[in-house]
Amino acid sequence: MYGGGGATGVTVERKASLSLLLHGSVSRSRVRESEVPLEILSFVPFHVGMVYHGSIPAPNSYSDPIPFYRSLLRSCALGHSPPSFGRQLHAALLKSALLLLPSLSAALFHMYAAAGPPSAALRAFHHLLPTSARSPVAWTALISSHAALPARAVRLFRAMRRAAIPPDVVTLLAFLSASARLGHPAAAASAHLLFLKLGLPFSVPARNAAIDAYAKCGRMPDARRLFDEMHCPTVVSWTVLLSGALRREGLASGREVFDRMPQKNEVSWTVMVACCIEAGLPREALSLLSQMLFLDISVRNLNHISLCSLLSACSQAGDLTVGRWIHAHFTKTGLFSDGHLLMVRTALVDMYAKCGRIDTARRLFEIMPRRNLVAWNAMLSGLSMHGMAAEVLKLFSRMVAEEALQPDDITFVGVLSACSRSGLVEQGEKFFHELGTVYGLKPKVEHYACMVDLLGRAGRLEEAEALVREMPVLPNEVVLGSLLASCSLHGKLDLGRRLMEELVQMDPHNTEYHVLLSNMYASSGRHFEADGLREAMRRKGIRKAPGISFIEVNGQVHQFSAGDKSHPQAREVHAMLDEVVQRLRMAGYVPDVASQIPRAMDNYLENWEEREQALLVHSEKLAICFGLISTRPGLPLRIFKNLRICTDCHAVIKLISDIFGREVIVRDRNRFHCFRKGACSCSDYW
DNA sequence: ATAGGGTTAG
């Protein structure tokens, strides 16, 4: 905890030094920085949590220690050395009393401002710099270090004004950037006006920052006006405008700016990529990648942010081939700082997990020299998606007990969803309880969603519903939708109908709720009601989203939709499907028609055989048949489906995995299913 | 100096 004694010198914590030896990092404090008010942070003694490691290079008798330490601190500030090394330098400087030199204490402060967390920059500002040394440059560095906490950055700027320290152009840029992140229209305008008030030149970077601030605050007309006044807008001006147009006016408008840009750099391309990811269009993002490489940008120009965005697109699209290609490129370029390496490695862990290579993800995670909370969360969520609840629980306790890391709400989403997916009801309830009592977090709607899912799936629907009604936050669509899915699983028609009414009000055009309830009616033999729902869907003009399955063979992604005959090898695929169905029937398989296709769905599906046929040509079955004819026997098949896998396909793939001796890994909308020897990793619980 | 950012429940 903060604020332990006021002793001087270096405290050596055994646990922390062990962690440092193992992973090169010092255990973090249990107090979340965002919860500590500014006033308190400034009184925290500086040496707390610091470790003297003994591996600091010492200046020899020929070198002057001042430039020696200054250059080391600079290398930390630039991110060439890990933050732990910076803290060790601090300890060494304390020990040798060199910190009494103003030039070194200033250099140390700038190291923390550039490379440390904002709280460290703030503490360094208060403890290392006497009031006389708090120059405009120091204040600016402090404000800039709070980029991730814009509200505090703005408060610090006001404090600087109160202290009568004159801001310069760079200070105003930092203030503009904080106002932009804050998103307050008035803040953007006042930052803009300060240039005039203080008589500072409104240079091109300043104008770019102002355009950005207006765009981020939703004042696109002001942003466009500032842009149009420019004689020769730079790539940054264009990119700022592009990002604003995308965010505020959508992909329709952003594309236009993008096409009008006279030149583009890797940042402009990445803005487009990031927008596609946000819009859930990962394939468009990857197509942008190939255009970018074809047109003007070399892969060598891609930095950590571009790589992370592209890897995220691979995760979303399930594209292992491109993901691996990016990985290969990343290993060949050695120009990343320690913190940037950590980010890309985390994105790689996420990519491998979401592309079905959970073992690779795990190996990568284990050899990471340093891991932050995001890395742990990525690994936990990945394992959870694969239904590996036992691993999730082991990893969680390792994270909390050995690493002394404070989990956050995303960690708990991972842990609780793992319990829910594996039916670990008591464990889940325990974690949900500890979330508040042990870890001091407030349960959010996401956590309630996990708990409702956990109870509902386990058939404890009354408790699940009670939880929904008594939760302090308003239940959202996810919560109610999950409860509806549980009703469908356990045939609770009455509750299902009530939930459906609420859900349709929240989202009148959603198809899944209609389909879920209609299928519930159908499987309980109430075809009249099922048909009525389908009719209602038709009336509202909403259709079930078509199921699409992707399979990767030899680095090529092949796509199938239900009944698809457009694939070049469609004939062979359908011939294989006939053979598969024949062999499955011999093993006792009966298509589960009743639950799947309500009678009135399509009038032409009049007889049973046709309805059966519609079920047998589901996209995932076609993709698997293609996999069977185009890969060597015994090799695993990896399928990616945009919707949830249906009951019949699930049963079929189990049989295929046994009869054809193939491992089949399916990523559906919710999770992974790994089929082996007639069983699925989800234990039929999904 | 200004632009782009990895982890999130059905």
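Because the structure is predicted, anything quoted here is derived from the model rather than measured.
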Exercise. Asn372(A) near the nucleic acid: base, sugar-phosphate alone, or nothing, with a heavy-atom cut-off under 4.0 Å?
Worked result: base

Exercise. Is Ser315(A) touching bases, backbone alone, or none of the nucleic acid, heavy atoms closer than 4.0 Å?
Worked result: nothing

Exercise. Contact class for Val267(A) (heavy atom, under 4.0 Å): base, sugar-phosphate, or nothing?
Worked result: base

For this session: Check every strand shown and say whether Tyr513(A) touches a base, only sugar-phosphate, or nothing at a heavy-atom separation below 4.0 Å.
Result: base

Exercise. Which part of the nucleic acid does Lys216(A) contact within heavy-atom distance under 4.0 Å: base, sugar-phosphate only, or nothing?
Worked result: sugar-phosphate

Exercise. Who pairs with Arg74(A) by salt bridge (Lys or Arg N to Asp or Glu O under 4.0 Å), at least two apart in sequence or on another chain?
Worked result: none

Seminar exercise, completed: Those residues at least two apart in sequence (or on a different chain) that pass salt bridge (Lys or Arg N to Asp or Glu O under 4.0 Å) with Glu502(A) are Arg469(A)

For this session: Remember a base hit wins even if backbone is also touched, and classify Arg457(A) as base, sugar-phosphate or nothing at under 4.0 Å, heavy atoms.
Result: sugar-phosphate

For this session: Name all residues meeting the salt bridge (Lys or Arg N to Asp or Glu O under 4.0 Å) criterion together with Asp338(A); count only those two or more places apart in sequence or in a different chain, and write none if there are none.
Result: Arg370(A)

Seminar exercise, completed: With sequence neighbours left out, the residues meeting side chain to side chain contact (heavy atoms under 4.5 Å, CB included) with Val452(A) are Ala464(A), Leu467(A), Val468(A), Val479(A), Ser482(A), Leu483(A)

Seminar exercise, completed: Residues passing the side-chain hydrogen bond (donor to acceptor under 3.5 Å, both in side chains) test with Ser287(A), sequence neighbours excluded, are Gln291(A)

Exercise. Strictly under 6.0 Å, is that where the ring centroids of Trp238(A) and Phe258(A) end up?
Worked result: no

Exercise. Is Thr346(A) touching bases, backbone alone, or none of the nucleic acid, heavy atoms closer than 4.0 Å?
Worked result: base

Exercise. How is Val236(A) classified with respect to the nucleic acid when contacts are heavy atoms under 4.0 Å: base, sugar-phosphate, or nothing?
Worked result: base

Exercise. What is the nucleic acid contact for Ser482(A), judged by heavy atoms within less than 4.0 Å: base, sugar-phosphate only, or nothing?
Worked result: sugar-phosphate

Problem set entry | Glu249(A) atom CD: more than 12 heavy-atom contacts under 6.0 Å | yes

For this session: Please find the earliest and latest nucleotides of DNA chain B, in the 5' to 3' direction, that have an atom within less than 4.0 Å of any heavy atom of chain A.
Result: dA1(B) to dG10(B)

For this session: Pick base, sugar-phosphate or nothing for Val374(A), based on heavy-atom distances below 4.0 Å to the nucleic acid.
Result: base

For this session: Would you classify Arg421(A) as touching base, sugar-phosphate or nothing, given that sugar-phosphate means primed atoms plus P, OP1 and OP2, and contacts are heavy atoms under 4.0 Å?
Result: sugar-phosphate

Exercise. With a 4.0 Å cut-off on heavy atoms, is Val349(A) in touch with a base, just the backbone sugar-phosphate, or nothing at all?
Worked result: nothing

